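Reading through the structure tokens given below for one structure.
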Protein chains: 2
Amino acid sequence: MYTSNALKAELHERGWRLTPQRETILQVFQQLPKGNHLSAEELHDKLQDLGTPISLSTIYRTVKLMARMGILRELEFAEGHKHYEINQPAPHHHHHLICVQCNKAIEFRSDSVLKIGAKTAEKEGFHLLDCQLLIQAICPQCQRSIVPNA
Amino acid sequence: MYTSNALKAELHERGWRLTPQRETILQVFQQLPKGNHLSAEELHDKLQDLGTPISLSTIYRTVKLMARMGILRELEFAEGHKHYEINQPAPHHHHHLICVQCNKAIEFRSDSVLKIGAKTAEKEGFHLLDCQLLIQAICPQCQRSIVPNA
DNA sequence: GTACGTGCAAATGGTTTGCAATCGT
DNA sequence: ACGATTGCAAACCATTTGCACGTAC
């Protein structure tokens with residue numbers, strides 16, 4: 001479990017600061033049920049509800065920062081906005097099968113894919129942050145009903 | 001090679017039409033050097049240069065349509081805009097290793113990943129369109145110089 | 001002839017940014 | 001005290017959409 005102190009240390013290492021906002025956002029993601037992910041907008045709403053409102057700008061700045069630090073995963077389906085979730089250590093990374101018509105998403109795991117990702121990054125001297133397989137497909141329900149300009 | 005006639009047939013199958021614009025856009029993608037991909041904006045410029053201008057709206061509508069038909073692959077790196085390329089038959093699909101700092105991209109292939117993608121889609125009854133492994137990482141050059149709000 | 005498709009210009013909507021005030025160190 | 005960070009509102013920019021005209025069939 002990634003603690004506030006770890007976050008603080010990592011921020012300091014780079015000359016940055018630990019703020020209540022950053023701490024709160026980290027907590028929200030940690031308490032999120034496994035497999036869940038939030039968009040910036042959803043995180044904003046959730047923080048309202050929790051009684052610790054944080055401005056949208058700060059949310060965008062923070063999730064971007066944490067994604068770059070490798071603390072969050074940035075997920076990009078075909079919906080036009082990004083989702084974020086805690087970046088589990090590699091063995092827990094999961095992948096997505098999504099329907100390009102209705103956006104239905106199915107999560108799955110694959111050790112082989114993770115292994116390939118790790119190996120590829122290593123070979124090129126890159127520091128691995130995240131590794132996601134995105135399968136775009138058409139789900140059974142949508143296979144009979146393609147609409148032109150939806 | 002996917003011909004104009006094949007496109008025409010597939011469009012008609014769904015009650016749509018083959019227009020000069022759709023035909024031209026297909027040709028441009030087919031003549032694109034292997035591994036290249038274009039954003040909507042880039043395609044727009046290229047069509048200007050070729051002397052067959054097509055409006056941006058039509059371009060957006062067309063690439064979206066073709067991506068849904070499985071003719072184009074929609075690539076989404078972390079740059080904020082999508083890129084498109086011809087959707088090769090499965091064995092030629094490739095994947096991307098990108099640096100989240102400088103956006104440098106490295107392409108690679110992996111039959112195992114494609115196999116896993118195909119199997120997963122099949123198991124769920126989905127009709128596979130595309131399968132991309134996205135590895136987000138930090139390249140050697142950027143590993144020493146992380147900037148906060150770039 | 002009848003939808004469908006195109007081009008234009010305007011709207012949309014997620015995300016970013018400038019700036020003054022505030023806060024962490 | 002200094003520079004990083006926040007919040008607000010305005011700006012951005014890729015993409016979408018309404019509508020009138022044109023065109024594939």
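Chain A is the first sequence line, chain B the second, and so forth, proteins listed ahead of strands; every chain is numbered from 1. FYI, side chains are in, hydrogens and waters are out, and symmetry mates aren't considered; it's all heavy atoms of this structure. Since the structure is predicted, the reported quantities are computational estimates derived from the model, not experimental observations.
- Under the 4.5 Å side-chain criterion, counting only non-hydrogen atoms from C-beta, Ile59(A) is in contact with Leu43(A).
- With dT25(C), dT16(D), dG14(C) as the candidates, the nucleotide lying closest to the side chain of Tyr60(A) is dG14(C).
- No more than 12 heavy atoms of other residues, nucleotides or ligands lie within 6.0 Å of CD in Glu122(B), so this atom counts as exposed by the packing criterion.
- Ring geometry for His95(A) against Phe108(A) counts as tilted: the plane angle lies between 30° and 60°, on a 0 to 90° scale.
- Leu56(A) is listed as a side-chain neighbour of Glu41(A), based on a closest heavy-atom distance under 4.5 Å.
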Q: Could you check Ile54(B) against His44(B) for side chain to side chain contact (heavy atoms under 4.5 Å, CB included), going step by step and ending with a plain yes or no?
A: CA-CA 7 Å; Ile54(B) 295 179; His44(B) 186 244; 5.8 Å; no

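- Computed from C1' positions of five pairs at each end, the angle between the two local axes of the helix from dG1(C)-dC25(D) to dT25(C)-dA1(D) equals 40°, rounded to 10 degrees.
- Here Asn36(A) contributes atom CG and Glu107(A) contributes atom CD; the two are 8.5 Å apart, rounded to the nearest 0.5 Å.
- Whole-Å rounding puts the Glu74(B) CD to dT15(D) P distance at 9 Å.
- Regarding Lys82(B), its NZ atom lies at a distance of 14 Å from the C1' atom of dC13(D), rounded to whole Å.
- In terms of position on DNA chain D, the residue among Lys8(B) and Gln21(A) whose nearest nucleotide sits closer to the 5' end is Gln21(A).
- Counting all heavy atoms, side chain and backbone alike, Thr52(A) lies closest to Thr24(A) at OG1-CG2, 3.8 Å.
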Report all interatomic pairs (protein N or O, nucleotide N or O of nucleotides 10-12 of chain D) with separations under 3.5 Å.
none

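- Looking at residues two or more places apart in sequence or on another chain, you find a side-chain hydrogen bond (donor to acceptor under 3.5 Å, both in side chains) between Gln132(B) and Asp130(B).
- A heavy atom closer than 4.0 Å to some atom of DNA chain D occurs in Ile54(A), Ser55(A), these being the qualifying members of residues 41-55 of chain A.
- Rounded to whole Å, the distance from CZ on Arg22(A) to C1' on dT5(D) is 6 Å.
- Ile98(B) has its side chain out of reach of Ile135(B): every pair of non-hydrogen atoms, C-beta onward, lies at least 4.5 Å apart.
- Protein atom CZ of Arg14(B) is 18 Å distant from nucleotide atom C1' of dC25(D), rounded to whole Å.
- Across the protein-nucleic acid pair, Leu65(A) atom CG and dT16(C) atom P stand 13 Å apart, rounded to whole Å.
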Identify each atom pair where a protein N or O and an N or O of nucleotides 18-23 of chain C are less than 3.5 Å apart, giving names and distance.
none

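- Taking 4.0 angstrom as the limit, Thr19(B) places none of its side-chain polar atoms (N or O) nearer than this to OP1 or OP2 of dA24(D).
- Applying the ring pair (Phe, Tyr, Trp, His ring centres under 6.0 Å) criterion to His37(B), with sequence neighbours excluded, gives Phe77(B), His83(B).
- One finds a side-chain N or O of His12(B) lying less than 4.0 angstrom from the OP1 or OP2 phosphate oxygen of dC25(D).
- Taking 4.5 Å as the limit, every side-chain heavy atom of Lys119(A) sits out of range of all side-chain heavy atoms of Lys115(A).
- Atom P of nucleotide dG14(C) and atom CD1 of Ile59(A) are separated by 13 Å, given to the nearest angstrom.
- Distance CG (Leu56(A)) to P (dT17(C)): 15 Å, rounded to an integer number of Å.
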Q) Which is it for Thr19(B) and Arg22(B) under the side chain to side chain contact (heavy atoms under 4.5 Å, CB included) test, yes or no, and what are the steps along the way? A) CA-CA 5 Å; Thr19(B) 63; Arg22(B) 288 174 178 174; 3.3 Å; yes

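- As a whole-Å value, the separation of Leu7(B) CG from dC25(D) P is 11 Å.
- Put simply, CG on Leu47(B) and CD1 on Ile25(B) are 6.0 Å apart, with the number rounded to the nearest 0.5 Å.
- Side-chain N or O atoms of Thr120(B) include one that pairs as donor or acceptor with a backbone N or O of Ile116(B) at under 3.5 Å.
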